[in-house]
Peer 1: 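Submitted below is the structure of interest, expressed as structure tokens.
For ligands, and for the atoms within them, numbers begin at 1 and follow the listed sequence. Counting from 1, the numbers follow the sequence of the chain as shown.
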Amino acid sequence: MSTRVDMDKIVSLCKRRGFIFQSSEIYGGLGSCWDYGPLGVELKRNIKEAWWRSMVQERDNIVGLDAAILMHPQTWQASGHLEGFIDPLVECKSCHLRWRADEGRGKNCPHCGGELTEPRLFNLMFKTFMGPVEEEASVVYLRPETAQGIFVNFSNVLACTRKKLPFGIAQIGKAFRNEITPGNFIFRTREFEQMEMEFFVKPGSDEEWLNYWLEERFNWYLRLGINQDNLRLRRHSQEELAHYARDCYDIEYLFPMGWAELEGIANRTDFDLVQHSHYSGKELSYFEEESEQRILPYIIEPSAGVDRSALAFLIDAYDEELAEGETRVVLRLSPSLAPVKVAVLPLSRNERLVPLAKEVYTQLRGSFMTQYNDSQSIGRRYRRQDEIGTPFCVTVDFLSLEDHQATIRERDTMKQIRVPIEVLKATLAAKLSGESIEVLPPGGMIWRG
Ligand code: GAP
């Protein structure tokens, strides 16, 4: 089991190794905005790829969408965001639940008893202007959730895909919220990415589908290596439910500051389609051929954050252990999420070793995100790769010049095996995809499992 780590260590590792930097750091930084560095961008790409694969690629009944961030301002009237977010708000400084200040709840959070912020008239949406002259331009908003882009495209997607209920539309994209109390690194930021899927179902089957998605989404995190002890489901109380939700669960992760939401899974009923039909005057229903009736589908929505998931995966993977008398920091990331899959490391910069190592590097980089490194001692180079979660290092040494084999070293066990260079790519591909493979020198391979 991995060591529980404090947030400072994660922030420091992220900066040092190029996962995450503070935004506009040279100007003193911009409140709660973060930039993803060379490794962070790979980690995020891998998370999004894993989500897309499990939600779209591997399913017949879910299709993708990439809607614009700027939407017609009436969208936000229909969705309830314009009205719902302009109350005087107070927010609990510890559990971050928001409460309307005019509800006279006193100075402490009704949920956890934490201290509340001062009341402020607040709309969480960022406003901007469309058009060249600000005074004449129309006000538009940066979307606070990607979901609305899906609802307003419901008929378009239905018409071109001819999907039958139940079916889903998935989208990954940026969302913006002028959060009252952002913080905890990338946990709560003002600009973030969401992975949302709106699943349209027949009314009456909504509870069943909510349960289905709770299980699917919970298992997704487990499959990607999150420790089950650090993950739980929490049902929203009636007071907590968003204005559009009949029922909602959070998948919570045990972050260093305590249990907090990683993903929300809500039963949004037909609220959004009804509202957009009303405001746009367009019919947003589904025609069921069997019954020859128009149906207003209910919507089940699993809504996850890319940044929050990245933070949870980093925290969960972080481990420290004693190895050869030193502390070894190792990110035990799932191979599918690791930013770098393979590092090619010649034993030294010797002029006879480098050409073969470069040949190996060229052979592998087309298939896997691969790094080449020939500086420092081999031990230090292994440690650097452990610290960024690289699952496999390939070492080329003097014996390789004679037997044309290289060493594969595994990150987690530090075990080493020798493999003929011509089967290196196939061996690594099998190992990275989780197949158990054993290589028998001088060239035979057997797969296990
Ligand atoms: N469409 C529903 C919706 O937006 P939400 O619970 O407000 O629901 C869904 O957000 C997910 O988006 C959260 O579980 C979280 O992972 C992510 N998220 C929301 N606000 C965020 C913020 N300020 N910073 C980072 N991630 C955020």
Peer 1: Going by the atom numbers of ligand 1, which of them fall below 4.0 Å from some non-hydrogen atom of Arg268?
Peer 2: 1 (N), 2 (C)
Peer 1: Is a side-chain donor or acceptor of Lys341 paired with a backbone partner of Ser336 at a separation under 3.5 angstrom?
Peer 2: yes
Peer 1: Can you name the atoms of ligand 1, numbered from 1 with element, that are less than 4.0 Å from a heavy atom of Glu145?
Peer 2: 1 (N), 2 (C), 3 (C), 4 (O)
Peer 1: Establish, for the pair Arg234 and Trp259, whether the NZ or CZ atom is under 6.0 angstrom from the six-membered ring centre and no further than 45 degrees off its axis.
Peer 2: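 No, Arg234 and Trp259 do not form such a contact.
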Peer 1: Going by the atom numbers of ligand 1, which of them fall below 4.0 Å from some non-hydrogen atom of Glu179?
Peer 2: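 Counting from 1, the qualifying ligand atoms are 20 (N), 22 (C), 23 (N).
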Peer 1: Heavy-atom contacts with Gly264 under 4.0 Å: which atoms of ligand 1 show up? List them by number with element.
Peer 2: 14 (O)
Peer 1: Is it the case that atom CD in Glu288 sees more than 12 heavy atoms from other parts of the structure closer than 6.0 Å?
Peer 2: yes
Peer 1: State the atoms of ligand 1, each with its element, that fall below the 4.0 Å cut-off from a heavy-atom position in Glu301.
Peer 2: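 This gives 1 (N), 2 (C) as the contact atoms.
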Peer 1: Considering non-hydrogen atoms of the protein only, which is the closest contact for atom 11 (C) of ligand 1, and what is the distance?
Peer 2: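 Of the protein heavy atoms, Ser303 O, 3.6 Å lies nearest.
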Peer 1: For ligand 1, which atoms, with element, lie under 4.0 Å from some heavy atom of Tyr244?
Peer 2: 2 (C)
Peer 1: Report the nearest protein non-hydrogen atom to atom 10 (O) of ligand 1: residue, atom name, distance rounded to 0.1 Å.
Peer 2: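 I find the closest protein heavy atom is Gln194 NE2, 3.4 Å.
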Peer 1: Would you confirm whether Ser280, through its side chain, and His276, through its main-chain N or O, come within 3.5 Å as a donor-acceptor pair?
Peer 2: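 Confirmed, Ser280 side chain pairs with His276 backbone.
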Peer 1: Is there a donor-acceptor pair closer than 3.5 Å between any side-chain N or O of Asn46 and the backbone N or O of Glu42?
Peer 2: yes
Peer 1: What residue and heavy atom of the protein are closest to atom 17 (C) of ligand 1, and at what distance?
Peer 2: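 Checking every protein heavy atom, the shortest distance to atom 17 (C) of ligand 1 gives Gly305 CA, 3.8 Å.
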Peer 1: Answer yes or no for Arg177 and Phe126: cation-pi contact, defined as NZ/CZ to six-membered ring centre under 6.0 Å and angle to ring axis within 45°.
Peer 2: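 Output no; distance or angle outside limits.
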Peer 1: Using heavy-atom distances only, which candidate in Glu196, Glu263, Arg177 approaches atom 5 (P) of ligand 1 most closely?
Peer 2: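 The nearest heavy atom belongs to Arg177.
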Peer 1: Any donor-acceptor pair under 3.5 Å linking the side chain of Arg381 with the backbone of Ser375?
Peer 2: yes
Peer 1: Using a 6.0 Å distance limit plus a 45 degree cone around the ring axis, check whether Lys44 lies over the aromatic ring of Tyr36.
Peer 2: yes
Peer 1: Taking 4.0 Å as the limit for heavy-atom contacts, which would you say applies to Asp307 with ligand 1: side chain only, backbone only, both, or neither?
Peer 2: neither
Peer 1: For ligand 1, which atoms, with element, lie under 4.0 Å from some heavy atom of Phe187?
Peer 2: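 Per the distance check, 24 (N), 25 (C), 26 (N).
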Peer 1: For atom 24 (N) of ligand 1, what is the closest protein heavy atom, and at what distance to 0.1 Å?
Peer 2: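 Closest protein heavy atom to atom 24 (N) of ligand 1: Thr189 N, 3.0 Å.
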Peer 1: Give me the nearest non-hydrogen protein atom to atom 6 (O) of ligand 1 as residue plus atom name, then the distance to 0.1 Å.
Peer 2: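 Its nearest protein heavy-atom neighbour is Glu261 OE2, 2.8 Å.
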Peer 1: Report yes or no: is the cationic atom of Arg268 (NZ for Lys, CZ for Arg) under 6.0 Å from the centre of the six-membered ring of Tyr244, at an angle within 45° of the ring normal?
Peer 2: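 Yes, cation above the ring, under 6.0 Å and within 45°.
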Peer 1: Between Trp220 and Arg217, is there a cation-pi geometry (under 6.0 Å to ring centre, at most 45° from the normal)?
Peer 2: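 Positive - Arg217 is close enough to the ring of Trp220 and near enough to its axis.
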Peer 1: Pairs of nitrogen or oxygen atoms closer than 3.5 Å, one from Phe192 and one from ligand 1: do any exist?
Peer 2: no
Peer 1: Are any of the N/O atoms in Pro144 less than 3.5 Å from those in ligand 1?
Peer 2: no
